[in-house]
Amino acid sequence: MSKLGVGVLASGRGTNFESLARVLKRQAIDAEIRVLIVNLPDALALRRAKSLEIPSLVINHKDYKSRASFEQRLIQELTTHDVRLVCLAGFMRILSPVFVKHYPNQIMNIHPSLLPAFTGLQGMQVHRAVIESGTKVTGCTVHFVTEDVDAGPIIVQRAIPVRESDTPESLAVRVLLEEHQAYPEAVRLFCENRLKVEGRRVQVLG
Ligand code: GAR
């Protein structure tokens, strides 16, 4: 049987893309990344794709008159590569309900906090907010993408303590290590058909 086609959307550095690609190649997971799409032409993720020999391309949102036409182009490319699971990995664009409805419970996102805490922020903003809040625990969340930002059903979370000596930067480094474990785990569960979405909850079967 052929492997499940995964498409990754990213905007920047691409470490989650790379770790996912490496784990999928190494482990017995029935999925492969068919394409990386970035919306920013200088995204470092592109270089990673090249060295991993994964097809990649830029679809720059600024080249499109509307969100709808940008997203139509994304869908076109994902369809060409027979993508059945879309993984957002540091993709800094909000997807419209039209895109989300096209892939019901087939889009995942990774967020660098324990949702539902610290929603609506991105990257270092999240870690800064965590430190300022005085919370003692943080982590990362992989969730299905719905029309509401950072609010879709939660698939995998990994928690770490916030240390008194932590800065946003030191926290980002430790959370990222957890992200690199959490995303492949979520994709593996998806591939094994073990994720049952019931309203806001995801039941992990087996
Ligand atoms: C990751 O920390 C990811 O959780 C975060 O951006 C970073 C991308 O890193 N995503 C968000 O903040 C989404 N709201 P990467 O490009 O090295 O994978």
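One-based numbering, in listed order, for ligands and for the atoms of each.
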### Query
Does atom NZ of K25 have more than 12 heavy-atom neighbours, drawn from other residues, nucleotides or ligands, at distances under 6.0 Å?
yes
### Salt-bridge contact R188-E192 (side-chain N to carboxylate O under 4.0 Å)
yes
### Query
Do any nitrogen or oxygen atoms of D150 lie less than 3.5 angstrom from nitrogen or oxygen atoms of ligand 1?
no
### Query
Is there a donor in the side chain of R128 and an acceptor in the side chain of Q125, or the other way round, less than 3.5 Å apart?
no
### Query
For ligand 1, which atoms, with element, lie under 4.0 Å from some heavy atom of H111?
4 (O), 14 (N)
### Task
Using distance alone, decide if ligand 1 has a nitrogen or oxygen within less than 3.5 Å of any nitrogen or oxygen in R13.
yes
### Presence of salt bridge, R48 and E18, under 4.0 angstrom
yes
## Note on the structure
atom 6 (O) of ligand 1: closest protein heavy atom, distance to 0.1 Å, is M92 CE, 3.6 Å
### Neighbour count >12 (heavy atoms, 6.0 Å) for atom CZ, R194
yes
### Query
Using 4.0 Å as the upper bound for N to carboxylate O, is an ion pair formed by K101 and E147?
yes
### Query
Can you tell me if G123 has a non-hydrogen atom under 4.0 Å from ligand 1?
yes
### Query
If you count the non-hydrogen atoms of other residues, nucleotides and ligands that lie under 6.0 Å from CD1 in I94, is the total more than 12?
no
### Message
Tell me whether ligand 1 is touched by L121 - counting only heavy atoms on the residue side and a distance under 4.0 Å.
### Response
yes
### Query
Where the closest heavy atom to atom 11 (C) of ligand 1 is concerned, which of S11, P112, A89 has it?
P112
### Query
So, does I110 sit close enough to ligand 1 that a heavy atom of it is under 4.0 Å from the ligand?
yes
### Summary
Quick note on ligand 1: atoms under 4.0 Å from a heavy atom of E179 include exactly 1 (C), 2 (O), 3 (C), 4 (O)
### Query
How are the rings of H61 and F70 set relative to one another: parallel (under 30°), tilted (30 to 60°) or perpendicular (over 60°)?
perpendicular
### contact_flag E18 ligand 1 heavy-atom lt 4.0 Å
no
### Query
If you measure from atom 16 (O) of ligand 1 to every heavy atom of G12, G14, G90, which option wins on shortest distance?
G14
### Message
Checking the N or O distance criterion of under 3.5 Å, is ligand 1 in contact with N109?
### Response
no
